[in-house]
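Quick note: residue numbers are just sequence positions, from 1. Keep in mind that this is a model prediction, so the values were computed, not measured. Just so it is clear, the values below take in all heavy atoms, side chains as well, and ignore hydrogens, waters and symmetry mates.
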Amino acid sequence: MDPRDKEAIERLIRKLTTAMRVLGVSNREVERRIGLSPSYLSRLFNGLIELRVEHVLAISRAIGLSPGELFALAYPQQGEPPSEAAARLRKVLEDLALPLPAPPTSESKPLSDEELDRRIEAAVLKAMAENDPGN
């Protein structure tokens, strides 16, 4: 296992256990809420059971946090610039955003499925061309 993955897993476990402690929710209560056997979380948190994404999602929801809130606690924004991959992805997603249509009037007609498909295809092709490293 990549040491960075091990560190990330340990970080998530620390954030989950800290949140549980601060919120006053015991292992036993979380196990009950998500249908796990007794001492399952102790084994999971001690590394005897491999932590999976499903565990993180279920435990965060069982203690009242959305997965996004948990990850924001585990990885707060620290003013670091985004990675190249994140910057490229953000650019493509911004380019794909279709403008919201004007509210319908008695004279306006909705876009046909064909026209919507054509606009999406054009936006994707434009974004791909702009983000092609060969250009």
**OP:** To the nearest 0.5 Å, tell me how far Glu31 CD sits from Ile59 CD1.
**Re:** 9.0 Å
Original post:
Which atoms form the tightest heavy-atom contact between Val30 and Ala62, and what is the distance?
Top reply: CG1-CB, 4.1 Å
Original post:
Are Arg32 and Glu29 ion-paired here, with the side-chain N under 4.0 Å from a carboxylate O?
Top reply: yes
Subject >> Ring centroid separation His55 to Phe45 under 6.0 Å >> reply: no
Subject >> Nearest atoms (heavy-atom pairs only) where Leu44 meets Glu50 >> reply: CD1-O, 3.7 Å
Original post:
Ala19 and Ile63: which non-hydrogen atoms are nearest, and at how many Å?
Top reply: CB-CD1, 3.8 Å
Original post:
Hey, any chance Ile13 and Leu23 share a hydrophobic cluster, counting ILVMFWY side chains that come within less than 4.5 Å of each other, even indirectly?
Top reply: yes
Subject >> Side-chain touch Thr17/Leu41, heavy atoms, less than 4.5 angstrom >> reply: no
Subject >> Heavy-atom pair of closest approach, residues Arg43 and Ser37 >> reply: NH2-OG, 4.0 Å
Original post:
Can you find a pair of side-chain heavy atoms, one from Tyr75 and one from Arg11, that are under 4.5 Å apart?
Top reply: yes
**OP:** For the pair Asn46 (side chain) and Leu48 (backbone), establish whether a donor and an acceptor sit closer than 3.5 Å, ignoring hydrogens and angles.
**Re:** no
**OP:** Please report the closest heavy-atom contact between Arg33 and Val25, naming both atoms and the distance.
**Re:** NH1-CG1, 4.0 Å
Original post:
With a 4.5 Å heavy-atom cut-off, do Pro67 and Val56 have their side chains touching?
Top reply: no
Subject >> Interatomic distance, Lys15 atom NZ to Met20 atom CE [nearest 0.5 angstrom] >> reply: 15.5 Å
Subject >> Nearest heavy-atom neighbours spanning Gly64 and Glu69 >> reply: O-OE1, 4.2 Å
Original post:
Roughly how far, to the nearest 0.5 Å, is CG of Leu51 from CD of Glu10?
Top reply: 11.0 Å
Original post:
Does the ring of Tyr40 carry Arg28 above it, NZ/CZ under 6.0 angstrom from centre and within 45° of its axis?
Top reply: no
Original post:
With a cut-off of 6.0 Å (strictly less than), are more than 12 heavy atoms of other residues, nucleotides or ligands near CD of Glu54?
Top reply: yes
Subject >> Asn27 CG to Ser42 OG distance, which is reported to the nearest 0.5 Å >> reply: 4.5 Å
**OP:** Compare all side-chain heavy atoms of Leu57 with those of Leu70 and state whether any distance is below 4.5 angstrom.
**Re:** no
